[in-house]
Amino acid sequence: SQTIHQWPATLVQPVGSPLSLECTVEGTSNPNLYWYRQAAGRGLQLLFYSVGIGQISSEVPQNLSASRPQDRQFILSSKKLLLSDSGFYLCAWGTSTDTQYFGPGTRLTVL
Amino acid sequence: AQSVAQPEDQVNVAEGNPLTVKCTYSVSGNPYLFWYVQYPNRGLQFLLKYITGDNLVKGSYGFEAEFNKSQTSFHLKKPSALVSDSALYFCAVRVLTGGGNKLTFGTGTQLKVEL
């Protein structure tokens, strides 16, 4: 069966510091991968998605970036965090029928 | 553009009563529709989806959803609510892209089931 991991689970970072969040998927090959942010409240904002190694589509201009160095690894990064980057970051993988399965999330607080 | 709307921010229901969480959609072509549930500080969990076929879709935890093409709706239902059903519910629709399809989510509906 497929599983999706995210780490860290929680992170507190100062403004201006770098960021690296990691997502890995097990039990499937060549999945579509997605990064979302859920700000306080509830809305889900799609940040990036990837259909293959090295292929990244950006949805919203911002100071975040994503990379996919391996088939089942998706990384979200920033060189300098802003206060507005605080939120709950969710990674998901997608099937051929477009169902997405989500990881447990990373709670990021930027102070 | 493909979109979904969840008109209720919150739904309150007594345990044992039937529940409905509403979702309407706007798509060009045939819709692929989804329901997800989120418990506090957790990722979203897939409940069910409609792609084609029977308008009544059965999913996890006793939930079902009814696809209504004429009303462009995809309401989530459960015959008898449990306190443990209290959570945030999201409706979503598939968005076709040139490569790699996406989901567009509604704003979410907070379900509160009380004793």
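A, B, ... follow the sequence lines: proteins, then strands. Residue 1 opens every chain.
Taking CG from A:Asn32 and CG from B:Asn101, the interatomic distance works out to 7.5 Å, rounded to the nearest 0.5 Å. Taking CD of A:Gln100 as the start and CZ of B:Phe105 as the end, the distance is 5.5 Å to the nearest 0.5 Å. Atom CG in A:Asp98 sits 8.0 Å away from atom NZ in B:Lys49 (nearest 0.5 Å).
For B:Leu103, the parts lying near chain A are the backbone and the side chain together; criterion is any non-hydrogen pair under 4.5 Å. Interface residue B:Arg42: only backbone heavy atoms are found under 4.5 Å from chain A. Contact annotation for A:Gln45: neither backbone nor side-chain heavy atoms come within less than 4.5 Å of a heavy atom of chain B. In this structure, the portions of B:Gln110 lying under 4.5 Å from any heavy atom of chain A include both its backbone and its side chain.
Under the 4.5 Å side-chain heavy-atom criterion for ILVMFWY residues, no single connected hydrophobic cluster contains both A:Phe88 and A:Ile75. Residues B:Val93 and B:Tyr32 are members of separate hydrophobic clusters, defined by side-chain heavy-atom contacts under 4.5 angstrom among Ile, Leu, Val, Met, Phe, Trp and Tyr. Residues B:Val37 and A:Leu44 do not share a hydrophobic cluster, clusters being chains of Ile/Leu/Val/Met/Phe/Trp/Tyr side chains in contact below 4.5 Å. Transitive grouping of hydrophobic side chains (ILVMFWY, heavy atoms separated by less than 4.5 Å) brings B:Tyr39 and B:Leu76 into a common cluster. When hydrophobic clusters are built by joining Ile, Leu, Val, Met, Phe, Trp and Tyr residues whose side-chain heavy atoms come closer than 4.5 Å, directly or via intermediates, A:Tyr36 is grouped together with A:Tyr89.
More than 12 non-hydrogen atoms from other residues, nucleotides or ligands lie less than 6.0 angstrom from CG of A:Asp71. The number of heavy atoms from other shown groups lying within 6.0 Å of OH (B:Tyr61) does not exceed 12.
Taking every heavy atom of both residues into account, B:Lys102 and A:Tyr49 meet most closely at CD-CE2, 3.3 Å. Scanning all heavy atoms of the two residues, the minimum distance from B:Leu44 to A:Leu90 falls at CD1-CD1, 3.8 Å.
Between chain A and the options B:Ile51, B:Asp9, B:Thr104, the largest number of non-hydrogen pairs under 4.5 Å is found for B:Asp9. For chain B, the option among A:Gly105, A:Gly43, A:Pro104, A:Cys91 with the highest count of heavy-atom pairs below 4.5 Å is A:Pro104. Of all the listed residues (A:Gln38, A:Gln55, A:Arg107), the one sharing the greatest number of non-hydrogen pairs under 4.5 Å with chain B is A:Gln38.
For A:Phe102 and B:Tyr36, the ring centers sit closer than 6.0 Å to each other.
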